[in-house]
Number of protein chains: 2
Amino acid sequence: MRRDIFQAIADPTRRAILVLVAVQAMTPNAIAEHFDIKRQSISKHLRILSECDLLVPRQEGREIFYELKIDKMKEIDTWLDQFRKIMEESFKRLDDVLYTIKNKKP
Amino acid sequence: MRRDIFQAIADPTRRAILVLVAVQAMTPNAIAEHFDIKRQSISKHLRILSECDLLVPRQEGREIFYELKIDKMKEIDTWLDQFRKIMEESFKRLDDVLYTIKNKKP
DNA sequence: AAATTGTGAAGCCGTTCGGCTTCACATATA
DNA sequence: TATATGTGAAGCCGAACGGCTTCACAATTT
């Protein structure tokens with residue numbers, strides 16, 4: 001089964017859960033109250049998010065609080081870095097071109 | 001049909017296509033040569049990426065070059081911003097707590 | 001005009017996904 | 001002990017996905 005962060009955040013419900021939990025760790029029931037979805041379905045999402053290490057469960061008596069692992073979110077940022085670098089290179093090449101044109105002009 | 005950037009980048013092949021095209025605009029055939037996948041399947045991915053405005057086709061004679069629209073990638077970055085802000089707030093609150101503890105110590 | 005090449009669209013098939021319902025188990029409360 | 005509550009797991013179903021094959025069309029080349 002495909003299980004990576006990108007597949008995990010592909011679902012809008014899961015993205016909403018992440019935002020919710022980012023503010024404050026919550027139990028499955030508390031999370032479900034914010035959606036028009038049954039608790040069991042939320043649990044499925046929580047399992048996927050946990051398997052991807054985006055969430056980590058913390059037992060407290062008979063309740064389980066799900067907490068965001070912000071470090072894992074950085075992996076997305078790291079992936080975006082590729083494009084920042086590539087674009088940076090492009091602009092640099094463009095600058096070179098412009099520089100060459102400018103210096104050829106006189 | 002679900003069609004947003006997050007669903008688009010959920011597929012590893014599509015992520016690879018984006019990286020490839022980021023460096024240099026390419027035709028479907030040229031892209032397909034980098035994968036062990038039929039050209040037609042690549043075309044499907046290109047259609048999805050185009051529908052999400054991550055790529056834009058540029059006709060040149062009978063060839064079509066697909067180009068990255070870097071601006072669209074920024075939407076992912078914008079989404080990540082939520083978490084940066086939330087985390088910032090958390091640290092600020094933590095700082096407040098530490099500051100209070102420190103000042104109560106006299 | 002005829003043949004070749006680049007591309008997209010349609011349809012098929014097996015797999016995955018997202019929701020639901022039902023059941024099982026562990027913890028807390030009476 | 002008996003009951004209520006919080007949670008996860010399994011199974012079902014319809015929809016979507018990712019790959020494939022085949023076909024159709026437009027632009028180029030001969």
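Chain letters run A, B, ... following the sequence lines, proteins first and then strands; every chain starts at 1.
- What separates CD1 of Ile64(B) from P of dT5(C) is a distance of 18 Å, to the nearest Å.
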- Step by step, would you call Asp81(A) with Lys74(A) a salt bridge (charged side-chain N to carboxylate O under 4.0 Å, His left out)? CA-CA 10 Å; Asp81(A) 266 342; Lys74(A) 286 183 186 165; over 6 Å; no
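- Here dG8(C) presents its P atom at 12 Å from CD of Glu51(B), a figure rounded to the nearest Å.
- Here Ser43(A) reaches the OP1 or OP2 of dG8(D): one of its side-chain N or O atoms lies under 4.0 Å away.
- In terms of the salt bridge (Lys or Arg N to Asp or Glu O under 4.0 Å) criterion, residue partners of Glu67(B) (sequence neighbours excluded) are, by chain and number, Arg58(B).
- Neither OP1 nor OP2 of dT7(C) sits under 4.0 Å from any side-chain N or O of Arg47(B).
- Using a 4.0 Å cut-off, no side-chain N or O of Tyr66(A) falls inside it from OP1 or OP2 of dT7(D).
- The two residues Val56(A) and Lys69(A) come nearest to each other via the heavy atoms CG1-CG, 3.8 Å.
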Tabulate below the donor-acceptor pairs under 3.5 Å that side-chain atoms of residues 20-34 of chain B make, not counting sequence neighbours, or state none.
residue: Thr27(B); atom: OG1; partner: Ala30(B); partner atom: N; Å: 3.2
residue: His34(B); atom: ND1; partner: Ala30(B); partner atom: O; Å: 3.0

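- For the side-chain contact (heavy atoms from CB on, under 4.5 Å) criterion with Leu54(B), the lone passing option out of Ile17(B), Ile70(B), Leu49(B) is Leu49(B).
- In this structure, CG of Leu55(A) is placed 14 Å from P of dT7(D), rounded to the nearest angstrom.
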- Message: So if I define the base as every atom that isn't primed, P, OP1 or OP2, how would nucleotides 19-30 of chain D read as a B/S/- string at a heavy-atom cutoff under 4.0 Å?
- Response: BBBB----BS--
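- Put simply, CG on Leu46(A) is 12 Å from P on dG19(C), counting in whole angstrom units.
- For Asn29(A) and dG8(D), the CG to P distance is 10 Å, given to the nearest whole Å.
- The backbone N or O of Ile9(A) sits nowhere less than 3.5 Å from a side-chain atom of Gln7(A) that would complete a donor-acceptor pair.
- If you take CD of Glu63(A) and P of dA4(D), they are 19 Å apart, rounded to a whole angstrom.
- Look at CD1 on Ile42(B): it is 13 Å from C1' on dT7(C), rounded to the nearest Å.
- Computed from coordinates, the Ile31(A) CD1 to dG8(D) P distance equals 10 Å when rounded to whole Å.
- Taking both residues in full, the closest heavy atoms of Leu18(B) and Phe83(A) are given as O-CE2, 3.6 Å, listed atom of the first, atom of the second, then distance.
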